[in-house]
Amino acid sequence: MELIKAIEKERNSKLLVYITGDRRGLETRIATDVFPIFHEHLSRMGKQQKIDLFLYSTGGITIAGYALVNLIREFCQEFNVIIPFKALSCATLISLGANEIVMTPMGQLSPIDPSVHHPLAPIVQLPGQPVGQFVPVNVEDVNAFVKLAINELGLKNEESMTKIFELLATKIHPLVLGAIQRSREQIAFLATNLLKYHIKDDDEKIRKIVDIISRERFSHDYIISRREAKEVLGLNIIEPEEELLKKIISLFEVYSKMLELDTPYNPEMYLSNSGVATVEFNRAIIESIGLTHVFRTVKEIRRIDVPPQPPQIPVPTVGYQERILREGWVLDNNI
């Protein structure tokens with residue numbers, strides 16, 4: 001809270017924190033369930049001249065990010081984003097809707113091409129798992145497959161392209177392909193609308209930025225550094241001075257420790273000789289002065305002996321059963 005107050009004083013703003021943890025094995029995403037919580041924080045703040053969002057996330061539901069920008073802007077004249085480290089995918093989209101983006105030297109943005117999660121998506125059977133898992137389909141991966149057929153293999157006539165599409169449709173349901181195209185168009189529309197807050201009266205510059213971050217960086221995992229965001233994309237990037245930078249990094253380190261971001265999840269860490277434990281995991285945080293909400297999962301973890309299951313598991317192994325007892329956002333001002 002002291003760090004939040006210090007940043008508010010230096011920035012002459014109100015600070016709102018949104019951290020979705022990416023601890024390996026306990027990842028969280030930006031989603032629509034946060035709107036009532038954000039509304040509570042913003043209502044307590046009241047109308048402000050300037051609100052800064054301290055943001056760390058590897059992404060989530062794109063329409064949730066778009067709607068979050070619009071919600072925060074209902075309570076302020078100027079909306080800015082502070083990026084201590086990762087603001088990827090949907091978090092990059094949120095940043096495009098800010099008047100200015102305050103980035104540390106290790107701050108990161110990324111492309112915003114979404115992956116489609118669909119009930120008819122392909123299913124992959126993992127070794128040792130009784131049930132297959134749906135695989136999200138990345139929008140640009142599908143587009144790249146078609147480009148490969150045209151540009152590299154030289155398949156351009158109607159008959160060959162029909163065969164390529166038929167092959168694609170045998171691997172990915174046609175309704176999923178339709179959802180992919182719709183998603184591709186939607187992300188460009190959302191980014192364009194948000195950039196109108198960020199860049200005034202320059203439609204051509206907005207179009208170029210949208211093309212770069214939605215289509216021209218080849219991989220969703222591509223990292224856009226502070227320098228590239230400023231010099232190549234032409235975004236309004238603010239480099240914090242030394243004292244403010246120290247406070248931003250210190251605040252991020254507090255949340256990193258609180259959510260154990262640097263510690264991959266391993267169930268054995270929490271089990272004693274009894275082989276069973278009930279554990280709380282704090283996975284995301286929304287915070288402002290005097291008010292803290294935590295996304296918390298309470299799990300029962302049990303060590304079990306797994307008998308051989310040839311050919312995937314040829315010998316007996318130790319396994320784990322996990323049961324979620326409670327999960328969701330909770331008010332916790334004492335964390």
Side-chain angles (χ1 to χ4, degrees), residues 1 3-4 15-41 53-61 64-65 68 83-91 94 106 108 115 117 126 128-131 133-134 136 249-288 290-306 317-335:
M1 287 299 166
L3 283 167
I4 290 175
L15 189 67
L16 187 55
V17 175
Y18 186 26
I19 311 287
T20 68
D22 61 339
R23 181 182 182 186
R24 194 167 66 196
L26 291 168
E27 296 87 350
T28 54
R29 305 196 309 150
I30 294 169
T32 55
D33 61 345
V34 301
F35 294 137
I37 299 167
F38 268 101
H39 186 266
E40 182 178 351
H41 284 256
L53 180 67
F54 189 95
L55 180 63
Y56 176 92
S57 177
T58 55
I61 301 173
L68 182 58
I83 300 174
F85 186 13
K86 299 177 185 177
L88 310 181
S89 192
C90 180
I94 291 172
M106 66 176 181
Q108 299 176 354
S115 294
H117 298 259
L126 299 176
Q129 297 293 326
V131 180
Q133 296 183 3
F134 288 108
I249 296 299
S250 294
L251 184 57
F252 172 69
E253 288 173 349
V254 171
Y255 291 120
S256 179
K257 183 178 180 180
M258 190 182 299
L259 301 180
E260 300 182 83
L261 298 183
D262 295 329
T263 307
Y265 170 65
N266 180 353
E268 190 62 40
M269 295 166 56
Y270 305 96
L271 296 174
S272 61
N273 292 334
S274 66
V276 61
T278 300
V279 188
E280 288 186 353
F281 298 98
N282 296 318
R283 300 174 59 192
I285 290 179
I286 300 172
E287 188 160 54
S288 58
L291 190 61
T292 302
H293 285 88
V294 181
F295 186 83
R296 181 170 292 156
T297 297
V298 180
K299 281 186 179 184
E300 180 187 80
I301 306 169
R302 188 179 298 273
R303 186 189 297 117
I304 60 172
D305 294 323
V306 179
T317 59
V318 173
Y320 304 92
Q321 286 183 341
E322 300 184 9
R323 184 164 62 102
I324 295 177
L325 305 180
R326 295 189 304 279
E327 186 170 79
W329 288 98
V330 296
L331 175 66
D332 187 352
N333 288 331
N334 297 314
I335 190 169

- Among H41, H39, E40, the one residue meeting side-chain contact (heavy atoms from CB on, under 4.5 Å) with I37: H41

- For the residue pair E260 and Y265, confirm or rule out a side-chain donor-acceptor distance under 3.5 Å. no

- Output for pair (I19 CD1, L55 CG), nearest 0.5 Å, gives 7.0 Å

- Query: Distance from I83 atom CD1 to L53 atom CG, nearest 0.5 Å?
  - Reply: 9.5 Å

- Does K299 reach the side chain of L26, with side-chain heavy atoms less than 4.5 Å apart? yes

- Item | Exercise: identify the closest heavy-atom pair between S288 and M1 | O-CE, 3.3 Å

- Task: Walk me through it: do R296 and I335 pass the test side chain to side chain contact (heavy atoms under 4.5 Å, CB included)?
- Result: CA-CA 12 Å; R296 181 170 292 156; I335 190 169; 4.1 Å; yes

- Task: For Y56, check side-chain hydrogen bond (donor to acceptor under 3.5 Å, both in side chains) against everything at least two apart and list the hits.
- Result: D22

- Message: Quick check on ring pair (Phe, Tyr, Trp, His ring centres under 6.0 Å): which of F35, F54, F38 does Y18 satisfy it with?
- Response: F38

- Task: Could you check if a side-chain atom of R29 sits within less than 4.5 angstrom of a side-chain atom of I61, using non-hydrogen atoms only?
- Result: yes

- Closest heavy-atom pair, I30 versus A91, reported as atoms and distance to 0.1 Å, is CD1-N, 3.9 Å

- Query: Is the shortest heavy-atom distance from the side chain of N282 to the side chain of D332 under 4.5 Å?
  - Reply: no

- In short, A284 meets L259 closest at the heavy-atom pair N-CD2, 4.0 Å

- What closest approach, in Å, do G59 and S57 show between heavy atoms, and which atom pair accounts for it? N-OG, 3.0 Å

- Query: Could you state the interatomic distance from CZ (R303) to CG (N273), rounded to the nearest 0.5 Å?
  - Reply: 7.5 Å

- Query: What distance separates I286 CD1 from W329 CH2, expressed to the nearest 0.5 Å?
  - Reply: 4.0 Å

- Task: Report yes or no: does T28 contribute a side-chain atom to a donor-acceptor pair with the main-chain N or O of R283 at less than 3.5 Å?
- Result: yes

- Could you walk me through whether Y270 and F281 pass the ring pair (Phe, Tyr, Trp, His ring centres under 6.0 Å) check? CA-CA 11 Å; Y270 305 96; F281 298 98; 5.3 Å; yes

- Which value, rounded to the nearest 0.5 Å, describes the distance between T297 atom OG1 and R326 atom CZ? 10.5 Å

- Item | Residue list, side-chain contact (heavy atoms from CB on, under 4.5 Å) with V276, at least two apart or on another chain | S274, E300, R302

- Message: Any non-hydrogen side-chain atom of M258 less than 4.5 Å from a side-chain atom of V294?
- Response: no

- Query: Hey, is the main chain of G25 close enough, under 3.5 Å, to the side chain of E27 for a donor-acceptor pair?
  - Reply: yes

- Any side-chain heavy atom of L331 sitting closer than 4.5 Å to one from L291? yes

- Query: What distance separates L3 CG from F252 CZ, expressed to the nearest 0.5 Å?
  - Reply: 13.5 Å

- 4.5 Å side-chain heavy-atom contact, I249 and M106: yes

- For the student: nearest non-hydrogen atoms of C90 and G60, plus distance: CB-N, 3.5 Å

- Item | Side chain proximity check, L251 to E287, heavy atoms < 4.5 angstrom | no

